[in-house]
*Asks:* 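Submitted below is the structure of interest, expressed as structure tokens.
Quick caveat, the model's predicted, so the values are computed rather than measured. Order of appearance sets the numbers: ligands from 1, and atoms from 1 within every ligand. Nothing fancy with the numbering, it's 1 onward along the sequence.
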Amino acid sequence: MRCRKCGKKAVVSLRAYRISLCGDCYVDFYRKLVERSIKKYRILGKDERILLAVSGGKDSSAMVSVLKELGFDFEILHIDLGIGEYSKDSRRKVENLSEMLSVNLNIVELEDYGFTIPQVRGRVCSACGTAKRYIMNRFARERGFDVVATGHTAEDLASFYLKNIAGGQQVFAEKLIPRIEPFDAKVVAKARPLFEISERENMLYALIKGLPFKSGECPYAPRPEWKEIVYDIELKKPGFTRNFVRGLVGKAENPLETRYCSICGEISSGEVCSFCKIRMKFTRSSKGF
Ligand code: AMP
Ligand code: FES
Ligand code: ZN
């Protein structure tokens, strides 16, 4: 098969766009997709102080590289969750990426807050999500960043939505929009520049560009059943995931009333924030309180 743009041998075939491309033309195509989305939904501004949250996986690694290609200025943040070899390897990948692309890397160790993920019992993934969101927001605010961007993909948004709706839960619109403005002085804006890009598109870009990234799931990750459902639909109806998340955008609702945690002072939905509850339960020392 030949590349639709230049006629060279195609290495990538995208069913959702009904197009085959060579490596160079794919990189170009991907960059334009991300650029269009950032402009259309005003996800990031060139005059903002941007912090990119980078896990060492393909999605956030692709985000770092493409935003650099698009001329954005930013620093990156990696949170070391203390999950043995998994975290060590993820951290190494982020260090290699930051060297390769010459970007400033910040590392925060969860252990500095008194615990690591393997010490958490019960709903590990949900505690981990709470910890990551907390640290991203606090680090960004304390260092004067305007916005934190994550590598959430179209599959992340679509599966989150389906899972919650199917479970009869209210889905807060803040989870579904490409940019959330701060509703309080303690909150930094959140951006998802890859919200309409698929995991496969990120993977192809990362492979073609030779970016360092870690494959393999976190040892605590449950089976991603809702994502598998999204993959299945996409297989039968190419383009479904992207169209679905585009449809979700704009279903915004007002955030809840803001309160502050009585222990750490960060925003909270109750007397004590969820991060401090986890910390009090699992921490061995009072370091970081
Ligand atoms: P996940 O929750 O693992 O699906 O990751 C979603 C996004 O959160 C990633 O694309 C990253 O932007 C960010 N992220 C996840 N883990 C970390 C980490 N350990 N350090 C910094 N950012 C992370
Ligand atoms: Fe958080 Fe696996 S990365 S529990
Ligand atoms: Zn707190």
Side-chain angles (χ1 to χ4, degrees), residues 34 43-44 50-67 74-95 97-98 103-113 115-140 143 145 147-160 163 175-176 178-180 188 190-199 201-203 205-206 211 213-224 226-227 230 274-275 278 282:
V34 178
I43 303 177
L44 291 169
I50 303 170
L51 181 68
L52 306 185
V54 185
S55 62
K58 62 187 185 322
D59 305 312
S60 47
S61 294
M63 169 174 74
V64 176
S65 171
V66 73
L67 290 182
F74 52 79
E75 289 188 25
I76 65 182
L77 167 68
H78 176 70
I79 302 165
D80 186 330
L81 301 160
I83 311 177
E85 271 309 308
Y86 174 80
S87 286
K88 281 193 196 134
D89 198 21
S90 305
R91 181 171 172 159
R92 257 193 308 270
K93 290 290 189 301
V94 179
E95 285 166 348
L97 183 77
S98 84
V103 294
N104 260 346
L105 165 65
N106 303 275
I107 294 186
V108 172
E109 294 181 2
L110 182 59
E111 199 167 16
D112 285 341
Y113 285 92
F115 69 102
T116 59
I117 291 301
Q119 283 163 250
V120 173
R121 290 176 307 278
R123 300 180 61 207
V124 179
C125 259
S126 125
C128 175
T130 299
K132 287 190 284 201
R133 284 190 296 275
Y134 182 98
I135 292 172
M136 282 175 204
N137 184 66
R138 190 163 167 180
F139 181 91
R143 303 294 181 98
F145 287 95
V147 55
V148 184
T150 51
H152 285 102
T153 62
E155 288 91 345
D156 288 327
L157 267 69
S159 59
F160 176 85
K163 178 180 171 197
K175 302 273 189 188
L176 306 172
R179 169 143 182 155
I180 311 155
V188 172
K190 306 287 177 321
R192 293 171 187 138
L194 306 184
F195 87 102
E196 53 179 357
I197 310 290
S198 74
E199 292 175 354
E201 286 155 5
N202 292 334
M203 169 75 94
Y205 173 84
L211 304 177
F213 67 88
K214 179 167 171 45
S215 34
E217 280 296 316
C218 156
Y220 294 100
R223 192 163 163 196
W226 285 99
K227 258 203 193 163
V230 171
S274 357
F275 183 69
I278 299 167
F282 300 111

*Asks:* Checking the N or O distance criterion of under 3.5 Å, is ligand 1 in contact with Ala149?
*Replies:* no
*Asks:* What residue and heavy atom of the protein are closest to atom 19 (N) of ligand 1, and at what distance?
*Replies:* Ile79 O, 2.9 Å
*Asks:* Hey, are Glu95 and Ser98 close enough side-chain-wise for a donor-acceptor pair under 3.5 Å?
*Replies:* no
*Asks:* For Lys163, does the NZ atom sit with more than 12 other heavy atoms under 6.0 Å from it, leaving out its own atoms?
*Replies:* no
*Asks:* Less than 4.0 Å between atom 2 (O) of ligand 1 and some protein heavy atom, yes or no?
*Replies:* yes
*Asks:* Do side-chain atoms of Asn202 reach the backbone of Ala62 as a donor and acceptor pair under 3.5 angstrom?
*Replies:* no
*Asks:* Using a strict cut-off of 4.0 Å, indicate which atoms of ligand 1 neighbour a heavy atom of His78.
*Replies:* 19 (N), 20 (N), 21 (C)
*Asks:* Using heavy atoms and a threshold below 4.0 Å, how should the contact between Leu77 and ligand 1 be classified: side chain, backbone, both, or neither?
*Replies:* backbone
*Asks:* Taking only residues two or more places apart in sequence or in another chain, which ones pass side-chain hydrogen bond (donor to acceptor under 3.5 Å, both in side chains) with Arg121?
*Replies:* none
*Asks:* Could you pull out the closest heavy-atom pair between Asp80 and Ser87, with the gap in Å?
*Replies:* OD1-CB, 3.6 Å
*Asks:* If you compare all heavy atoms of Glu199 against all heavy atoms of Lys58, which two are closest, and at what distance to 0.1 Å?
*Replies:* O-CE, 3.7 Å
*Asks:* Which residue holds the protein heavy atom closest to atom 9 (C) of ligand 1, what is that atom called, and what is the gap in Å?
*Replies:* Gly151 N, 3.8 Å
*Asks:* Of the listed options (Arg192, Glu217, Glu155, Met136), which comes nearest to atom 13 (C) of ligand 1 when hydrogens are ignored and any heavy atom counts?
*Replies:* Met136
*Asks:* Check if Val54 has a non-hydrogen atom at a distance under 4.0 Å from any atom of ligand 1.
*Replies:* yes
*Asks:* For residues 123-131, tabulate all N or O donor-acceptor pairs below 3.5 Å that involve a side-chain atom, not counting sequence neighbours.
*Replies:*
from: Thr130; atom 1: OG1; to: Ser126; atom 2: O; distance (Å): 3.0

*Asks:* With only distance considered, is Met63 within less than 3.5 Å of ligand 1 through an N or O on each side?
*Replies:* no
*Asks:* Using the test side chain to side chain contact (heavy atoms under 4.5 Å, CB included), find all partners of Ser65 that sit at least two apart in sequence or belong to another chain.
*Replies:* Glu69, Leu101, Tyr205, Lys209, Leu211
*Asks:* Tell me which part of Thr150 gets within contact of ligand 1: side chain, backbone, both or neither, using heavy atoms under 4.0 Å.
*Replies:* both
*Asks:* Which protein non-hydrogen atom lies closest to atom 11 (C) of ligand 1, naming both residue and atom, and how far is it?
*Replies:* Ala53 O, 3.3 Å
*Asks:* Could you pull out the N/O/S protein atoms under 2.8 Å of atom 2 (Fe) of ligand 2, ignoring any water?
*Replies:* Cys218 SG
*Asks:* Of all the heavy-atom pairs spanning Ala53 and Ser60, show the shortest one and how long it is.
*Replies:* O-CB, 3.6 Å
*Asks:* Between Phe145 and Phe74, does the ring centroid distance fall short of 6.0 Å?
*Replies:* no
*Asks:* Check this for me: does any side-chain nitrogen of one of Arg192 and Asp156 sit under 4.0 Å from a carboxylate oxygen of the other?
*Replies:* no
*Asks:* What residue and atom, counting heavy atoms only, is the protein's closest point to atom 15 (C) of ligand 1, and at what distance?
*Replies:* Ser55 CB, 3.6 Å
*Asks:* Got a donor-acceptor contact below 3.5 angstrom from the Arg179 side chain to the Ile43 backbone?
*Replies:* yes
*Asks:* Any atoms of ligand 1 less than 4.0 Å from a non-hydrogen atom of Lys132? List them with their elements.
*Replies:* 2 (O), 3 (O), 15 (C), 16 (N), 17 (C)
*Asks:* Tell me the protein heavy atom at minimum distance from atom 6 (C) of ligand 1, and give that distance in Å.
*Replies:* His152 NE2, 3.4 Å
*Asks:* What heavy-atom pair brings Phe115 and Phe275 nearest, and what distance separates the two atoms?
*Replies:* CZ-CE1, 3.9 Å
